[in-house]
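Per chain, numbering begins at 1; letters A, B, ... match sequence-line order.
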Amino acid sequence: MRLSRYFLPILRDTPKEAEIVSHRLMLRAGMIRQQAAGSYTLLPLGLRVLNKINAVIREEQNRSGAVELLMPTIQSADLWRESGRYDAYGKEMLRIRDRHDREILFGPTNEEMITEIFRSYVKSYKELPLNLYHIQWKFRDEVRPRFGVMRGREFLMKDAYSFDLDKAGAVHAYNKMFVAYLRTFERLGLKAVPMRADTGPIGGDLSHEFIILASTGESEVFCHRDFLDFAVPPADTNFEDIAGLQAIVDRWTSLYAATSEMHDEAAYAAIPDASRVSARGIEVGHIFYFGTKYSEPMGATVAGPDGKDTHVHMGSYGIGPTRLIAALIEANHDEAGIIWPDAIAPFTVSLLNLKTGDAGTEAACDELYAALTKAGVDVLYDDRDERPGAKFVVNDLIGSPWQLIVGPKSLAEGKIELKRRRTGEREVLTPAAALDRLIGKA
RNA sequence: CGGAGUGUGGCUCAGCCUGGUAGAGCACUACGUUCGGGACGUAGGGGUCGCAGGUUCAAAUCCUGCCACUCCGACCA
């Protein structure tokens with residue numbers, strides 16, 4: 001992408017409403033625009049990051065055996081009356097009437113709808129286990145939206161729903177998601193710790209929140225330090241190995257970890273001083289097992305091996321991709337701006353032409369741009385007619401992991417500069433050598 | 001929902017207390033000079049001061065009501 005042809009509305013000053021660093025940087029880097037309280041447009045740069053996060057989430061969901069579909073954002077009130085949640089959900093649900101005066105709502109979650117889909121098609125235990133997920137916009141009319149996309153009212157959520165014949169099957173489904181989540185956050189470059197959690201309005205008796213530690217986190221968390229060094233299950237983990245998965249989950253739940261709502265002061269006090277971690281955290285995922293809470297009232301049954309109809313055991317599993325963008329920035333930035341992990345950077349390489357209009361640098365940049373693009377590397381070519389300083393500042397702000405700097409001085413010696421954003425390390429090398437480095441890594 | 005605060009060109013803000021022709025910096029347009037860490041000069045364009053009432057000869061400024069947004073607390077991917 002040529003920056004001169006892109007839509008990247010950089011802000012020089014920080015808008016005054018933004019208090020936390022991720023919100024400030026997202027506004028300054030032209031990633032989001034606020035439209036109302038808790039409601040944001042994702043500008044092109046922000047959307048690129050979101051798409052990359054979603055791609056990682058999809059790969060790991062699919063790897064675990066979940067199947068993607070896409071449900072609508074608008075749901076009927078009647079569906080929610082079946083579970084009893086239309087009245088129970090309260091003011092956070094945005095309730096609307098259509099032209100026929102029918103009561104509808106903007107979905108805050110999809111347990112009812114997925115249960116309706118499941119019950120109308122699945123009749124036999126032989127079709128289980130089943131896990132269906134989608135990545136869709138949710139609306140929750142929060143009392144107090146804040147911190148940009150960290151707590152918005154309209155936000156994207158990956159929500160998965162599992163169906164099993166009995167509790168044992170459902171626990172295995174839960175464990176699959178548990179492991180998929182560990183892998184997802186690891187691939188995004190985040191240290192996430194699963195913590196015992198309250199189940200809230202979703203209901204159920206087995207639940208974990210995945211929390212990343214950050215000083216700006218909304219929740220207070222307590223855990224054992226060893227969690228931070230646990231190895232994440234590898235890509236070739238066998239998700240069908242019931243005992244194997246259980247062993248992984250047992251290990252990851254063997255030490256103390258809880259949010260303040262579930263905090264047990266005595267258990268925490270039993271941890272040796274040096275191993276206690278008390279910090280702020282950002283909730284980036286939440287998984288629940290809730291048995292037949294929805295399948296019973298909504299009549300979701302399958303015939304078991306004995307021919308009798310049984311209510312299915314369900315679980316639901318959520319990740320907030322829009323919140324993850326903010327969480328990633330909280331975890332990856334410095335004074336100059338964002339430092340994207342390679343896996344989710346909107347652009348892997350920023351190509352800086354320090355002297356627009358110079359025949360030599362333009363020819364060199366055009367060649368590099370073509371070669372990188374051909375190799376499938378996401379490159380942002382800063383071809384604007386700006387002074388070098390302005391280009392350095394903007395490209396540091398938007399945080400591409402690599403900067404390829406082409407200036408007349410070094411080019412006179414046939415060299416260009418390759419800068420690593422995270423460390424600031426610079427290497428002077430030939431264009432061909434730089435390409436080898438970047439394409440080899442991609 | 002309780003508490004605090006803010007609304008003035010695209011952005012950051014001054015002006016308000018003490019009413020009298022709407023300002024600055026950045027950004028934008030044109031021209032010139034500049035060019036390795038947010039350049040400079042000259043000349044321009046752009047705001048019915050959140051909205052509605054009221055007081056007054058006169059309201060960005062004073063009064064009343066409303067709306068929007070932000071922050072702190074209680075609640076939540």
Heavy-atom neighbours of A:Arg384 CZ exceed 12 at 6.0 Å:
yes

OP1, OP2 of B:A68 versus side-chain N and O of A:Gln34: anything below 4.0 Å?
no

Plane angle bin for A:Phe222 and A:His263 - parallel if under 30°, tilted between 30 and 60°, otherwise perpendicular
parallel

Could you tell me how far B:C67 sits from B:G23 if I compare only their C1' atoms? Round to whole Å.
27 Å

What contact category does A:Phe139 fall into here, base, sugar-phosphate, or nothing, at under 4.0 angstrom with non-hydrogen atoms?
nothing

B:A24 versus B:U8 - spacing of their C1' atoms, nearest Å
13 Å

Are there more than 12 heavy atoms of other residues, nucleotides or ligands under 6.0 Å from atom CD of A:Glu367?
no

Nucleotide nearest A:Ala37 (side chain, heavy atoms from C-beta), chosen from B:G25, B:G36, B:C69:
B:C69

Regarding the side chain of A:Glu19, the nearest nucleotide among B:U12, B:C71, B:A77 is B:C71

List for me each residue that meets side chain to side chain contact (heavy atoms under 4.5 Å, CB included) alongside A:Arg276, sequence neighbours excluded, and say none if there are none.
A:Tyr268, A:Ile271, A:Asp273

Who does B:C16 pair with, Watson-Crick or G-U, both distances under 3.5 Å?
none

Any strand: nucleotide that pairs with B:G65 via Watson-Crick or wobble, under 3.5 Å:
B:C51

So, do A:Phe392 and B:G36 meet the stacking rule of ring centres under 5.5 Å and planes under 30°?
no

Categorize A:Thr356 for me: base, sugar-phosphate, or nothing, with a 4.0 angstrom heavy-atom threshold over every strand shown.
nothing

Under 4.0 angstrom, heavy atoms only, what part of the nucleic acid is A:Val284 near: base, sugar-phosphate, or nothing?
sugar-phosphate

Checking B:C1, B:C13, B:A77 against the side chain of A:Thr322 (C-beta onward), the nearest is B:A77

My understanding is that a pair needs two contacts under 3.5 Å, Watson-Crick or G-U wobble. By that rule, which nucleotide pairs with B:G41?
B:C31

Determine which nucleotide pairs with B:G2, using a 3.5 Å limit on both distances of a Watson-Crick or G-U wobble pair.
B:C72

Could you give the distance separating B:G20 and B:C75 at their P atoms, to the nearest angstrom?
49 Å

For A:Lys138, answer base if it contacts any base atom (sugar-phosphate contacts may also be present), sugar-phosphate if it contacts only those atoms, and nothing otherwise; contact means non-hydrogen atoms under 4.0 Å.
nothing

Any strand, both distances under 3.5 Å, Watson-Crick or G-U wobble: B:G36 pairs with none

Report which part of the nucleic acid A:Lys419 touches: base, sugar-phosphate, or nothing (heavy-atom distance under 4.0 Å, all strands).
base

Are the side chain of A:Tyr181 and the backbone N or O of A:Ala192 linked by a donor-acceptor pair below 3.5 Å?
no

Assign A:Glu417 to base, sugar-phosphate, or nothing according to its heavy-atom contacts below 4.0 angstrom with the strands shown.
base

Give me the distance, rounded to whole Å, that separates B:G54 from B:A60 when you measure between the P atoms they each carry.
15 Å

Complementary nucleotide of B:C11, counting Watson-Crick and G-U pairs under 3.5 Å:
B:G25

On the nucleotide B:A27, are OP1 or OP2 found under 4.0 Å from the side-chain N or O atoms that A:Arg12 carries?
yes

Gap in Å between the two P atoms, one belonging to B:G50 and one to B:G45, rounded
24 Å

Base, sugar-phosphate or nothing for A:Arg33? Non-hydrogen atoms, less than 4.0 Å.
nothing

Scan A:Gly148 against the nucleic acid and name what it touches under 4.0 Å (heavy atoms): base, sugar-phosphate only, or nothing.
nothing

Contact class for A:Asp159 (heavy atom, under 4.0 Å): base, sugar-phosphate, or nothing?
nothing

So how far is it from A:Arg421 CZ to A:Thr348 OG1, rounded to the nearest 0.5 Å?
15.0 Å

Please determine, for the side chain of A:Ser410, which listed nucleotide (B:C75, B:G36, B:G73) has the closest atom?
B:G36

Could you give the distance separating B:C62 and B:C26 at their P atoms, to the nearest angstrom?
30 Å

